[in-house]
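Below is one structure, written out as structure tokens; comments come after it.
Indexing begins at 1, ligand by ligand and atom by atom, following the structure's order.
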Amino acid sequence: MSQPRCVDDRITLKYGAGGGAMRALIEQIFAPGFGAVPGGVGLAEMDDGAAIPIGDRWLVITTDAHVVQPVTFPGGDIGRLAVCGTVNDLAMMGATEPLALTCAAILEDGFPRAELERIWASIRLACDEAGTTIVTGDTKVMRHGELDRIVLTTTGVGLTSRVVTDRGLAPGDVILVTGTMGDHGLAILATRTELALDTTLASDTAPINGLVRRALAAGGPGVVAMKDPTRGGLASALHEMADKSGVGIVLDERAVPIRDEARAIGELLGIDPLVVANEGKAVIGVRREVAGAVLEALRAHPLGRAAAIVGACVAERPGSVIVDTGFGRRLLVEAEGELQPRIC
Ligand code: MG
């Protein structure tokens with residue numbers, strides 16, 4: 001990224017937070033030695049998934065591990081999260097019709113059967129919503145204390161005739177978000193606090209492939225970049241898109257949709273909703289001439305009612321995200337995220 005950093009001798013929680021530390025870990029340890037995918041997208045691009053050219057289309061593939069704690073939370077559970085996370089990463093690459101998913105479950109000795117059945121019912125429901133299915137998997141059980149309850153790993157595949165990356169932005173492009181920011185992360189954090197928060201805030205975990213399909217249909221080739229603002233929230237997503245595209249992004253703070261409940265919890269915990277994970281949202285970069293049509297298409301979908309235009313790309317300060325507060329401008333800083341482990 002902009003400021004290369006050296007990976008520490010020990011891998012600590014910050015390396016799983018989705019920010020600069022994690023990107024450094026991938027760049028320095030995981031990605032070296034794996035060649036580029038000619039005509040496609042490989043590991044080095046560190047996008048939402050890979051794209052492998054097959055004939056006149058691309059096979060999109062993505063994989064996620066899920067360690068969320070608590071396993072069940074307002075608005076979802078680890079099963080729903082696993083399906084949606086994978087379906088949404090496929091959609092961010094342009095593959096909005098997921099062909100199939102795999103799911104590996106690693107369980108701790110003693111895990112309740114009834115809870116497992118509930119999680120799998122949730123997985124089935126989320127697959128139905130997304131129009132996909134689980135076709136293969138794996139099961140492992142570890143001794144009590146060797147694992148905290150359950151880990152799910154999902155892989156998804158889909159085909160697309162056009163790959164959308166997270167690096168296609170140019171000066172003048174417009175940035176949209178498909179809905180309110182920070183719901184998932186703040187709903188999870190609210191369950192963990194000892195302040196006994198009385199809140200109605202729920203996670204936004206949802207498969208947004210249908211919503212993204214509408215945006216792509218409305219914007220056509222004018223949709224030039226997409227990313228789901230998961231770990232690190234909108235701040236990390238915008239930083240990565242700005243850095244990879246070589247543009248600056250000016251974010252209009254007052255235009256970013258944030259629920260009152262999310263704002264209240266964020267203020268109580270001292271956490272900016274802009275640095276917190278979402279699990280049913282997308283950041284979409286479009287050419288200015290299609291912005292209105294894409295916004296209209298998003299708002300016509302049940303999962304896009306609160307969609308908004310939140311910013312624009314500029315040639316100045318490439319790699320930076322500048323927040324326009326209405327009173328002045330400041331740089332939006334990416335959270336390291338050590339304070340929010342196991343959010344997804
Ligand atoms: Mg992603």
Side-chain angles (χ1 to χ4, degrees), residues 1 15-23 25-27 30-31 40-51 58 60-68 76 80-96 98 101 126 130 132 152-158 160 163-169 175-179 181-185 203-213 215-216 223-245 274-285 303 334-335 337 340 343-344:
M1 300 306 290
Y15 289 96
M22 195 185 79
R23 289 196 293 271
L25 178 69
I26 299 170
E27 280 170 354
F30 295 148
V41 177
L43 184 56
E45 274 90 336
M46 294 199 289
D47 210 317
D48 295 294
W58 285 264
V60 177
I61 179 163
T62 188
T63 193
D64 296 270
H66 301 274
V67 298
V68 67
R80 181 171 179 81
L81 187 66
V83 171
C84 297
T86 302
V87 165
N88 294 347
D89 272 336
L90 290 177
M92 292 304 102
M93 302 296 292
T96 59
L101 308 182
T132 191
L152 293 182
T153 300
T154 38
T155 297
V157 289
T160 185
V163 174
V164 182
T165 67
D166 57 7
R167 62 186 63 213
L169 299 173
I175 303 290
L176 295 97
V177 295
T178 61
M181 289 290 111
D183 299 357
H184 175 75
S203 166
D204 58 341
T205 305
I208 54 166
N209 53 316
L211 175 68
V212 172
R213 200 181 303 139
L216 291 170
V223 176
V224 291
M226 294 196 288
K227 192 152 205 70
D228 52 345
T230 53
R231 280 171 302 173
L234 182 61
S236 271
L238 291 178
H239 267 279
E240 210 170 328
M241 294 170 92
D243 193 61
K244 289 175 171 177
S245 305
L274 299 187
V275 306
V276 180
N278 308 274
E279 291 291 346
K281 305 286 158 56
V283 182
I284 304 180
L303 292 173
E334 253 190 300
Q340 309 157 17
I343 216 84
C344 59

State which residue, out of Asp48, Thr62, Val60, fulfils the side-chain contact (heavy atoms from CB on, under 4.5 Å) condition with Met92. Asp48

What protein N/O/S atoms are there under 2.8 Å from the Mg ion (ligand 1), waters excluded? Asp48 OD1, Asp89 OD1, Asp228 OD1

Please determine whether a side-chain nitrogen of the Lys or Arg among Arg167 and Glu45 lies less than 4.0 Å from a carboxylate oxygen of the Asp or Glu. no

Do you see a donor-acceptor pair shorter than 3.5 Å between the side chains of Thr154 and Asp64? no

Can you tell me if Asn209 uses its side chain to pair, donor with acceptor, with the backbone of Val87 under 3.5 Å? no

When Lys281 is tested against each of Ile208, Asp183, Leu303 for side-chain contact (heavy atoms from CB on, under 4.5 Å), which residue passes? Asp183

Excluding sequence neighbours, so at least two apart, what forms side chain to side chain donor-acceptor pair (under 3.5 Å) with Asp89? none

